[in-house]
Number of protein chains: 2
Amino acid sequence: MATSERKKREYAQRQTLIIDTARKLLLDVGYIDLNMDRIAEITEYSKGTIYQHFSCKEEILVEMLIQSAKKCGTFLGRGSRFQGTPRERMAAMALGYDLFIRLNPDHFKSKLLLQNESIRRKASPVFQKNLEKAEQDNMGIVSEVLREAVEQGHVQLRKDVTTEEVSFGLWTGAFGAYVLMFSEMNLQALGISDPRKAVWNNIHALLDGFGWHPLFQDLNWDQTKSRILKEVFPHEAKLAQVS
Amino acid sequence: MATSERKKREYAQRQTLIIDTARKLLLDVGYIDLNMDRIAEITEYSKGTIYQHFSCKEEILVEMLIQSAKKCGTFLGRGSRFQGTPRERMAAMALGYDLFIRLNPDHFKSKLLLQNESIRRKASPVFQKNLEKAEQDNMGIVSEVLREAVEQGHVQLRKDVTTEEVSFGLWTGAFGAYVLMFSEMNLQALGISDPRKAVWNNIHALLDGFGWHPLFQDLNWDQTKSRILKEVFPHEAKLAQVS
DNA sequence: TAATAATTTGACTAATAGTCAATAATAATG
DNA sequence: CATTATTATTGACTATTAGTCAAATTATTA
């Protein structure tokens, strides 16, 4: 039926409107002052209608993060398809992740919040499952490149180390760093003037530590970095003013 | 005056009672359902009295974290004084950090929460400053050992890398991993069966990557680990059932 | 002991989450 | 096209909790 199709479309449109409104509001006023009345007011729908879509504000955040995670996945995916060695592709993914976060800083504000289970569990199980799925997919992209590197003999892991554990290390290192960058912590005072450079160096040190070739010292990484930005993320690099 | 001394003592005691109550409650019901009425009820003081101590629940959390950070600092400090090479002392600190978190799991629930600035900024500036100070002190302990390692020639950092940045890498790697461990994320499904082992391996890979001697392969680390637990954290290792 | 000062209380206001009966809009039917 | 049935939308309402403050209580001083 034509009508019901239109209805669906309208519903989806409103869903997007609500999420976008919440996203802006969150960036503006923060989690605590983010409230349903305000969202209703701005979207020009009543509170009841908002509750038709989401059971609570935490559920809006979860949906927001599902979208964010998927978007992040496209950056990781593009990085992973960079024309180069697996290690270079890994670097391309790291740059992609950084670009994604630069262009979507609000992602972290809410991601962090939802890492707390008392907040996350307010959302209904379906939403929670979807978010978990999206996050697992992203980690899968990283693990896959690592697996190829092992297969092609670029790195030989000790038998007590799995590819997933190394991905986990990359992931946690970068994730932890961005968490600290996006909290109000004064990194400057800790002697970290350029946390992104530190992350870059630490990722490479980790991979060097596992003996993944080509080692950091064996390549002109500044040049590789430029090439990645130019070939994979030309538009995003310009937007984020990264070079 | 004797009386006012007693008053001070009573005030401090009540402060502790409030914090301990909040800590238990937080672990029990989570941030969202943690409320001042409940804290007043359990401590058997009125709400007004609770507000005499703290201006909001977030401020209680901040004070909780200041205490946690200081306690964590004692674990790091003890690790750093282990009788061994700087790299072994670094490993001792990593084990200390792990033990601290095992014994105080509630630390992370609230730490994570307060990483979000909209929550953290609800606390008054004095509390925020104190927390920042405590966190910086901890990072200082790690950096100091690293500095000594450089001084003693155990590791020679490239000139574009500072000791603080390496500490930052260790910190973020461990921190990020614990964040993910303590969120409801299904690490098992990601192929991480033993995240703590992964953290341990990744820390060593990072240090290997920076060329910090003795390298992982040059030492029997299982043996060193046992020695650290026995000499530095005998009581805590037993409590946490770690070996 | 009476006067004064400090502390503690809980009733009160304000803000917001979440519900649901009433209303409005849309679709189906004859 | 008019009428009925269905579906979507509304916002007034209740419940919960944060945070305040005048009154009551307790402690200290003269």
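Just so you know, these numbers come straight off a predicted model, no measurement behind them. Throughout, a chain's letter reflects where its sequence line sits, starting with A, and its residues are numbered from 1. The analysis underlying the following values was restricted to heavy atoms, covering all of them including side chains, and did not include hydrogens, waters or symmetry mates.
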message: I'd like to know if B:Arg120 and B:Glu132 make a salt bridge, using a cut-off of under 4.0 Å between side-chain N and carboxylate O.
response: no

- request: Can you measure from CE (B:Met64) to CG (B:Asp20) and round to the nearest 0.5 angstrom?
  value: 9.0 Å

field: Non-hydrogen side-chain atoms of B:Tyr178 and B:Pro195 separated by less than 4.5 Å
entry: no

task: Starting at atom CD1 of B:Ile60, determine the distance to atom C1' of D:dT17, rounded to an integer number of angstrom.
output: 14 Å

task: Give me the ring orientation class for B:Phe233 and B:Phe75: parallel if the planes are under 30° apart, tilted from 30 to 60°, perpendicular past 60°.
output: parallel

query: Can you name the closest pair of heavy atoms from A:Ala69 and A:Asn138 and give their distance?
result: O-ND2, 3.0 Å

query: Quick one: A:Ile50 CD1 to C:dG18 C1', roughly how many Å, whole number?
result: 13 Å

Selection: residues 23-37 of chain A, any non-hydrogen atom under 4.0 Å of DNA chain C: A:Leu34, A:Asn35, A:Met36, A:Asp37

- line: In whole angstroms, the gap separating P of C:dA17 from CZ of A:Phe54 amounts to 15 Å

query: Charged N to carboxylate O below 4.0 Å: is that the case for B:Arg102 and B:Glu236?
result: no

query: Tell me: OH of A:Tyr51 to P of D:dG11, nearest whole Å?
result: 16 Å

query: Is any side-chain N of the basic residue among A:Arg89 and A:Glu144 closer than 4.0 Å to the acidic one's carboxylate O?
result: no

- prompt: Can you tell me how far P of C:dG18 sits from CD of A:Glu59, to the nearest Å?
  reply: 10 Å

- prompt: Does A:Lys122 make a side-chain N or O approach to OP1 or OP2 of C:dG18 shorter than 4.0 Å?
  reply: yes

query: Are A:Ile39 and A:Lys57 side-chain neighbours, meaning at least one heavy-atom pair lies under 4.5 Å?
result: no

task: Name the pairing partner of D:dA30, where a pair is Watson-Crick or G-U wobble with both distances under 3.5 Å, or state none.
output: C:dT1

Could you go over nucleotides 7-9 of chain C and give all protein N or O partners under 3.5 Å, atom names and distances?
from: C:dT8; atom 1: OP1; to: B:Arg14; atom 2: NH1; distance (Å): 3.0
from: C:dT8; atom 1: OP2; to: B:Arg14; atom 2: NH1; distance (Å): 3.2
from: C:dT8; atom 1: OP2; to: B:Arg14; atom 2: NH2; distance (Å): 3.1
from: C:dT9; atom 1: OP2; to: B:Ser46; atom 2: N; distance (Å): 3.1
from: C:dT9; atom 1: OP2; to: B:Ser46; atom 2: OG; distance (Å): 3.3
from: C:dT9; atom 1: OP2; to: B:Thr49; atom 2: OG1; distance (Å): 2.8

